[in-house]
Amino acid sequence: MECRTKDFQQEHKKEMRAVQDAMDVLSGKWKIPIISSLCYYNQRRFSDILNDIDGISNRMLSKELKELEINLLVKRTVLDTQPVSVHYQLTDHGLTLRTIIDNLTAWGVAHRRKIVGK
């Protein structure tokens, strides 16, 4: 009987590490809204994302996009136009977050309704 408890505890620790890994990548005030913008519109310019997210600065958006790019969630494409244009979109790996974003959206709508009544 003791072995099963230890196995369960080890499995739970692995799951908790996985949650922590996810939170390390997605933590902060801005990453989820950035990913949400890219999920909704598929491809966005820097200024479009900036306009989507109230309160984020140019510098912070640039920093967060770089971190999301390092974590292989966002792809940055520089177009050879005059002036130079840069597009951002979710990578295939980043698109795996779509279900999470959709669930967060649904929960947020339901929560607001429950709290505010709208």
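Reckoned from all heavy atoms, side chains included, excluding hydrogens, waters and symmetry mates. Along the sequence shown, the residues carry numbers beginning at 1.
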Ser27 side chain to Met23 backbone, donor-acceptor under 3.5 Å: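 Confirmed, Ser27 side chain pairs with Met23 backbone.
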Establish whether [X] and [Y] are linked, either directly or via other cluster members, by ILVMFWY side-chain heavy-atom contacts under 4.5 Å.
{"X": "Val84", "Y": "Phe46", "answer": "yes"}
{"X": "Val78", "Y": "Leu50", "answer": "yes"}
{"X": "Tyr41", "Y": "Leu104", "answer": "no"}

Indicate every side-chain donor-acceptor pair of residues 89-99 with a distance under 3.5 Å to a residue at least two apart or in another chain.
unit_1: Gln89; atom_1: OE1; unit_2: Gln43; atom_2: NE2; d: 3.0
unit_1: Thr91; atom_1: OG1; unit_2: Leu72; atom_2: O; d: 2.6
unit_1: Thr91; atom_1: OG1; unit_2: Leu73; atom_2: O; d: 3.4
unit_1: Thr91; atom_1: OG1; unit_2: His93; atom_2: N; d: 3.3
unit_1: Thr91; atom_1: OG1; unit_2: Gly94; atom_2: N; d: 2.9
unit_1: Thr96; atom_1: OG1; unit_2: His93; atom_2: O; d: 2.4
unit_1: Arg98; atom_1: NH1; unit_2: Cys39; atom_2: O; d: 3.1
unit_1: Arg98; atom_1: NH2; unit_2: Cys39; atom_2: O; d: 3.4

Between atom [atom1] of [X] and atom [atom2] of [Y], what is the distance when rounded to the nearest 0.5 Å?
{"X": "Trp30", "Y": "Ile35", "atom1": "CH2", "atom2": "CD1", "result": "14.0 Å"}
{"X": "Leu26", "Y": "Asn71", "atom1": "CG", "atom2": "CG", "result": "8.5 Å"}
{"X": "Ile34", "Y": "Ile49", "atom1": "CD1", "atom2": "CD1", "result": "7.0 Å"}
{"X": "Leu65", "Y": "Leu61", "atom1": "CG", "atom2": "CG", "result": "4.5 Å"}
{"X": "Leu38", "Y": "Ile101", "atom1": "CG", "atom2": "CD1", "result": "10.0 Å"}
{"X": "Ser36", "Y": "Asp52", "atom1": "OG", "atom2": "CG", "result": "8.5 Å"}

Side chain to side chain donor-acceptor pair (under 3.5 Å) against Lys29, all qualifying residues, sequence neighbours excluded: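 With sequence neighbours excluded, Lys29 shows a side chain to side chain donor-acceptor pair (under 3.5 Å) to no residue whatsoever.
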Set of residues satisfying side chain to side chain donor-acceptor pair (under 3.5 Å) with respect to Lys31, sequence neighbours excluded: Glu64, Glu67
Pairwise side-chain contact, His87 with Arg45, heavy-atom cut-off 4.5 Å (strictly under):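 Yes - at least one pair of side-chain heavy atoms lies under 4.5 Å apart.
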Side chains of Val74 and Tyr88 in contact at under 4.5 Å (non-hydrogen atoms): yes
